[in-house]
Amino acid sequence: MPVEEFVAGWISGAVGLVLGHPFDTVKVRLQTQTTYRGIADCMVRIYRHESLLGFFKGMSFPIASIAVVNSVLFGVYSNTLLLLTATSHQERRLQTPSYMHIFLAGCTGGFLQAYCLAPFDLIKVRLQNQTEPRAQLGSPRPRYLGPMHCAASIFREEGPRGLFRGAWTLTLRDTPTVGIYFITYEGLCHQYTPEGQNPSSATVLVAGGFAGIASWVAATPLDVIKSRMQMDGLRRKVYRGVLDCMVSSVRQEGLGVFFRGLTINSARAFPVNAVTFLSYEYLLRWWG
């Protein structure tokens, strides 16, 4: 398997993560807490109570794990396409694979990514939901002192399975939506690139941005449920499973609950995925 695909996925993922994490924190708060009146209210209250650093809570662990997670996503996607079409990344620019092959390769990458991502994503969400400001003399002590303390606490209080809380929902979210993600990207690149040429930087940015939006529009309903399942059991267990979480959420908050965080997900998705794909394409061309 070409190692370059995995390394390019790691670096491009890290760039996208740093750019998008503040938006992700706001999204997670909106999905799991009902105290905010909207995006602006959430952002203002985080800044006032937790300072600018509040937007970056839980980022250190994803940065450490992105080497695994994004490498798996892009590496598995590209190498699955290689198995299905017997063409390298550069050769696929000359002859675009069928959309069925692209979708299947994307779904495979999404499924395996979710499996690797589950514990890291759980810890990120738990840390992002801590509303205490950074430790100061006399301030209340947060439940988790950092990612390692969070992981150890979950393991001690909820058992080994606790680290995979929400993993099933994460898998349901990522498997089809990553297929949509790559179909949108490859389709737009093919549409706006002369035959036999590499897509321009502008095309990659636009295609990557719209791929991010398309995948998050499809993913947001299950993303809401995933975040709620991950927070379940923190103090007491509320939901009996994924279906019970869906039914309870709709009963209490209406169908609109499934679209919580959609606006900020879409606003974040365009720049983050535009930069991610541009980094990925340039790294592969540089090594090629």
Side-chain angles (χ1 to χ4, degrees), residues 7-31 36 38-44 46-47 52-63 65-67 69-71 73-74 77 106 109-110 113 117 120-121 124-125 128 173-174 177-193 198-220 223-224 226-227 259-286:
V7 178
W10 165 35
I11 296 172
S12 61
V15 171
L17 177 70
V18 173
L19 182 64
H21 194 83
F23 299 100
D24 188 62
T25 298
V26 175
K27 180 265 295 184
V28 167
R29 295 277 182 96
L30 290 171
Q31 289 178 339
Y36 303 111
I39 295 170
D41 179 53
C42 183
M43 294 177 76
V44 168
I46 290 173
Y47 180 75
L52 196 61
L53 295 172
F55 292 100
F56 293 92
K57 282 185 174 177
M59 191 178 79
S60 59
F61 215 44
I63 281 286
S65 64
I66 201 72
V69 175
N70 233 59
S71 290
L73 174 59
F74 279 91
Y77 166 72
Q113 172 197 246
L117 179 63
F120 301 119
D121 192 63
K124 174 187 75 71
V125 168
Q128 285 175 315
R173 184 198 75 176
D174 281 1
T177 55
V178 173
I180 293 168
Y181 180 62
F182 281 110
I183 274 186
T184 306
Y185 174 72
E186 298 287 2
L188 288 171
C189 281
H190 177 69
Q191 184 73 27
Y192 296 103
T193 303
N198 285 316
S200 66
S201 298
T203 299
V204 170
L205 285 168
V206 172
F210 278 110
I213 291 174
S215 63
W216 272 112
V217 167
T220 295
D223 189 53
V224 173
K226 184 269 303 178
S227 295
F259 300 98
R260 281 207 176 171
L262 177 59
T263 303
I264 197 159
N265 265 342
S266 300
R268 174 190 65 148
F270 194 95
V272 167
N273 290 284
V275 169
T276 297
F277 270 111
L278 188 67
S279 306
Y280 178 72
E281 291 283 356
Y282 265 88
L283 285 166
L284 287 181
R285 287 180 205 173
W286 182 51

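Just so you know, these numbers use all the heavy atoms, side chains as well, and skip hydrogens, waters and symmetry mates.
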Would you say the side chain of [Y] lies within less than 4.5 Å of the side chain of [X], judging by non-hydrogen atoms?
| X | Y | answer |
| --- | --- | --- |
| M59 | T25 | no |
| W216 | F270 | no |
| T203 | L188 | no |
| L117 | D174 | yes |
| Q128 | H21 | yes |

Heavy-atom closest pair, residues [X] and [Y]:
| X | Y | answer |
| --- | --- | --- |
| G20 | R268 | O-CD, 3.3 Å |
| G54 | I46 | C-CG2, 3.9 Å |
| R260 | Q31 | O-NE2, 3.2 Å |
| E281 | Y185 | OE2-OH, 2.6 Å |
| V275 | L19 | CG2-CD2, 4.0 Å |
| F23 | I264 | O-CD1, 3.8 Å |

Return the [atom1] to [atom2] distance between [X] and [Y], rounded to the nearest 0.5 Å.
| X | Y | atom1 | atom2 | answer |
| --- | --- | --- | --- | --- |
| M43 | Y36 | CE | OH | 12.0 Å |
| R173 | S215 | CZ | OG | 9.0 Å |
| N265 | L30 | CG | CG | 9.5 Å |
| K27 | S266 | NZ | OG | 11.5 Å |

Original post:
Parallel, tilted or perpendicular for F182 and Y77, by the 30°/60° rule?
Top reply: parallel
Subject >> Donor-acceptor pair between Y181 and N273 side chains, under 3.5 angstrom >> reply: yes
Subject >> Exam field: side chain T193 to backbone H190, donor-acceptor pair closer than 3.5 Å >> reply: no
Original post:
For F55, does the CZ atom sit with more than 12 other heavy atoms under 6.0 Å from it, leaving out its own atoms?
Top reply: yes
**OP:** Test K226 against V125 for side chain to side chain contact (heavy atoms under 4.5 Å, CB included), laying out the working first.
**Re:** CA-CA 10 Å; K226 184 269 303 178; V125 168; 4.0 Å; yes
